[in-house]
Engineer: 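My structure is below; once you've seen it, I'll send some questions.
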Amino acid sequence: CSYCPSYLHDGSAKWPTASEVIDFCQYIKSYIPEKKVIIEFTGGEVTLWEDLPTVLKQVHQLEIKPSILSNGTKSVRWWKEITPYLDRINLSFHPA
(Lines give C-alpha, C1' and ligand atoms only; values in the text may rest on other atoms or scores of the structure.)
Protein backbone atom coordinates (compact mmCIF):
# COMPACT_ATOMS: atom_id res chain seq x y z
CA CYS A 1 0.00 0.00 0.00
CA SER A 2 1.14 3.53 -0.66
CA TYR A 3 1.01 4.49 3.03
CA CYS A 4 3.42 1.71 4.12
CA PRO A 5 7.12 2.47 4.49
CA SER A 6 9.43 1.38 1.67
CA TYR A 7 11.18 -1.33 3.73
CA LEU A 8 7.89 -3.25 3.75
CA HIS A 9 7.83 -3.19 -0.05
CA ASP A 10 11.47 -3.71 -1.00
CA GLY A 11 11.97 -7.10 0.66
CA SER A 12 14.50 -5.90 3.25
CA ALA A 13 12.13 -6.63 6.15
CA LYS A 14 11.99 -10.43 6.42
CA TRP A 15 9.24 -12.47 8.00
CA PRO A 16 10.25 -14.49 11.05
CA THR A 17 10.18 -18.25 10.66
CA ALA A 18 7.17 -20.13 11.95
CA SER A 19 9.35 -21.98 14.44
CA GLU A 20 10.77 -18.71 15.82
CA VAL A 21 7.28 -17.37 16.49
CA ILE A 22 6.00 -20.63 17.95
CA ASP A 23 9.07 -20.95 20.18
CA PHE A 24 8.54 -17.39 21.40
CA CYS A 25 4.89 -18.10 22.18
CA GLN A 26 5.80 -21.30 24.03
CA TYR A 27 8.33 -19.35 26.08
CA ILE A 28 5.79 -16.67 27.01
CA LYS A 29 3.19 -19.27 27.95
CA SER A 30 5.68 -21.21 30.10
CA TYR A 31 6.82 -18.02 31.81
CA ILE A 32 3.30 -17.04 32.89
CA PRO A 33 1.24 -20.26 32.63
CA GLU A 34 -1.51 -19.05 34.95
CA LYS A 35 -2.20 -15.90 32.93
CA LYS A 36 -4.34 -15.42 29.84
CA VAL A 37 -1.99 -14.61 26.97
CA ILE A 38 -3.13 -12.65 23.93
CA ILE A 39 -0.78 -12.06 21.03
CA GLU A 40 -1.59 -9.84 18.07
CA PHE A 41 0.04 -10.41 14.72
CA THR A 42 0.43 -7.25 12.67
CA GLY A 43 2.31 -6.20 9.56
CA GLY A 44 2.67 -4.45 7.02
CA GLU A 45 -0.06 -6.86 6.05
CA VAL A 46 0.28 -9.98 8.17
CA THR A 47 -2.03 -12.05 5.97
CA LEU A 48 0.69 -12.00 3.30
CA TRP A 49 2.88 -14.15 5.58
CA GLU A 50 2.51 -17.64 4.14
CA ASP A 51 3.19 -19.28 7.53
CA LEU A 52 0.42 -17.39 9.32
CA PRO A 53 -2.25 -20.14 9.15
CA THR A 54 0.21 -22.73 10.50
CA VAL A 55 1.36 -20.42 13.28
CA LEU A 56 -2.19 -19.49 14.28
CA LYS A 57 -3.19 -23.16 14.55
CA GLN A 58 -0.20 -24.00 16.74
CA VAL A 59 -0.49 -20.89 18.92
CA HIS A 60 -4.18 -21.66 19.43
CA GLN A 61 -3.22 -25.16 20.62
CA LEU A 62 -0.97 -23.55 23.25
CA GLU A 63 -4.11 -21.91 24.69
CA ILE A 64 -2.84 -18.51 23.66
CA LYS A 65 -5.45 -16.14 22.23
CA PRO A 66 -4.14 -15.06 18.82
CA SER A 67 -5.46 -11.99 17.04
CA ILE A 68 -4.52 -10.22 13.84
CA LEU A 69 -4.61 -6.72 12.43
CA SER A 70 -5.35 -6.84 8.71
CA ASN A 71 -6.66 -4.77 5.85
CA GLY A 72 -9.04 -7.66 5.09
CA THR A 73 -8.02 -8.25 1.49
CA LYS A 74 -7.79 -12.05 1.64
CA SER A 75 -10.51 -14.24 0.16
CA VAL A 76 -13.55 -15.35 2.14
CA ARG A 77 -12.28 -18.94 1.84
CA TRP A 78 -8.98 -17.93 3.50
CA TRP A 79 -10.79 -16.19 6.36
CA LYS A 80 -13.03 -19.23 6.91
CA GLU A 81 -9.93 -21.40 7.19
CA ILE A 82 -8.25 -19.33 9.91
CA THR A 83 -11.12 -17.88 11.96
CA PRO A 84 -11.46 -21.00 14.17
CA TYR A 85 -7.92 -20.27 15.42
CA LEU A 86 -8.40 -16.58 16.17
CA ASP A 87 -9.67 -14.84 19.26
CA ARG A 88 -9.95 -11.45 17.53
CA ILE A 89 -9.72 -9.93 14.08
CA ASN A 90 -9.10 -6.19 13.81
CA LEU A 91 -9.65 -4.78 10.34
CA SER A 92 -8.21 -1.45 9.29
CA PHE A 93 -9.43 0.81 6.54
CA HIS A 94 -7.07 3.08 4.64
CA PRO A 95 -8.82 5.07 1.90
CA ALA A 96 -5.45 5.66 0.20
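We're numbering straight along the sequence, starting at 1. Values in this document were obtained by computation on a predicted structure and should not be read as measured data.
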Engineer: Taking all non-hydrogen atoms of both residues into account, name the closest pair between Thr47 and Ser70 and its distance.
Structural biologist: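 Scanning both residues, the minimum pair turns out to be CG2-OG, 3.5 Å.
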
Engineer: So how far is it from Ile89 CD1 to Leu69 CG, rounded to the nearest 0.5 Å?
Structural biologist: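 Reported to 0.5 Å precision, the distance equals 11.0 Å.
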
Engineer: Where do Leu86 and Ser67 come nearest, in terms of heavy atoms and distance?
Structural biologist: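 Heavy atoms of Leu86 and Ser67 come nearest at CD2-CA, 4.0 Å.
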
Engineer: Mind checking what makes side-chain contact (heavy atoms from CB on, under 4.5 Å) contact with Lys36, not counting sequence neighbours?
Structural biologist: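 In terms of side-chain contact (heavy atoms from CB on, under 4.5 Å), with neighbours along the sequence ignored, Lys36 is linked to Ile38, Lys65.
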
Engineer: Check for me, please, whether Tyr31 and Leu62 land in the same ILVMFWY cluster - side-chain distances under 4.5 Å, paths through other members count.
Structural biologist: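 The answer is yes; both residues are in one hydrophobic cluster.
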
Engineer: Find the distance between CD (Gln26) and CD (Gln61) and round it off to the nearest 0.5 Å.
Structural biologist: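 If we round to the nearest 0.5 Å, Gln26:CD and Gln61:CD are 10.5 Å apart.
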
Engineer: So, using side-chain hydrogen bond (donor to acceptor under 3.5 Å, both in side chains) as the criterion, who are the partners of Glu20 when residues are at least two apart?
Structural biologist: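 Thr17.
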
Engineer: Kindly give the heavy-atom pair with the smallest separation between Val37 and Lys29, and that separation in Å.
Structural biologist: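 The pair with the smallest heavy-atom distance is CG2-CD, 4.3 Å.
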
Engineer: Only one of Leu52, Leu48, Asp51 clears side-chain contact (heavy atoms from CB on, under 4.5 Å) with Trp15; which?
Structural biologist: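 Testing each of Leu52, Leu48, Asp51 against Trp15, the sole residue satisfying side-chain contact (heavy atoms from CB on, under 4.5 Å) is Leu48.
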
Engineer: If two hydrophobic side chains count as joined below 4.5 Å and joins carry through other members, does Trp79 share a cluster with Val46?
Structural biologist: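 The answer is yes; both residues are in one hydrophobic cluster.
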
Engineer: Students often mix this up, so state it plainly: with edges at 30° and 60°, are the rings of His60 and Tyr85 parallel, tilted or perpendicular?
Structural biologist: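 Aromatic pair His60/Tyr85 classed perpendicular.
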
Engineer: Set out, in order, the CA-CA distance, both residues' side-chain angles and the distance that settles side chain to side chain contact (heavy atoms under 4.5 Å, CB included) for Asn90 and Glu40, then state yes or no.
Structural biologist: CA-CA 9 Å; Asn90 298 301; Glu40 183 170 46; 2.7 Å; yes

Engineer: Between Ile39 and Ile32, is there shared hydrophobic-cluster membership here, with clusters defined by ILVMFWY side-chain heavy atoms closer than 4.5 Å?
Structural biologist: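 Linked within one cluster.
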
Engineer: Taking all non-hydrogen atoms of both residues into account, name the closest pair between Cys25 and Val59 and its distance.
Structural biologist: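 That closest heavy-atom pairing would be SG-CG2, 3.8 Å.
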
Engineer: Can Ile22 be reached from Trp49 by stepping across I, L, V, M, F, W or Y side chains whose heavy atoms are under 4.5 Å apart?
Structural biologist: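 Cluster IDs for Trp49 and Ile22 match.
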
Engineer: CD1 of Ile64 to CG of Leu56: how many Å apart, nearest 0.5 Å?
Structural biologist: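 It is 11.5 Å, given to the nearest 0.5 Å.
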
Engineer: Please name the pair of heavy atoms, one in Val21 and one in Pro16, separated by the smallest distance, quoted to 0.1 Å.
Structural biologist: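 Minimum heavy-atom contact is CG2-CG, 3.6 Å.
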
Engineer: Return the minimal non-hydrogen interatomic distance between Pro53 and Trp78, and the atom names on each side.
Structural biologist: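 Taking every non-hydrogen atom into account, CG-NE1, 4.0 Å.
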
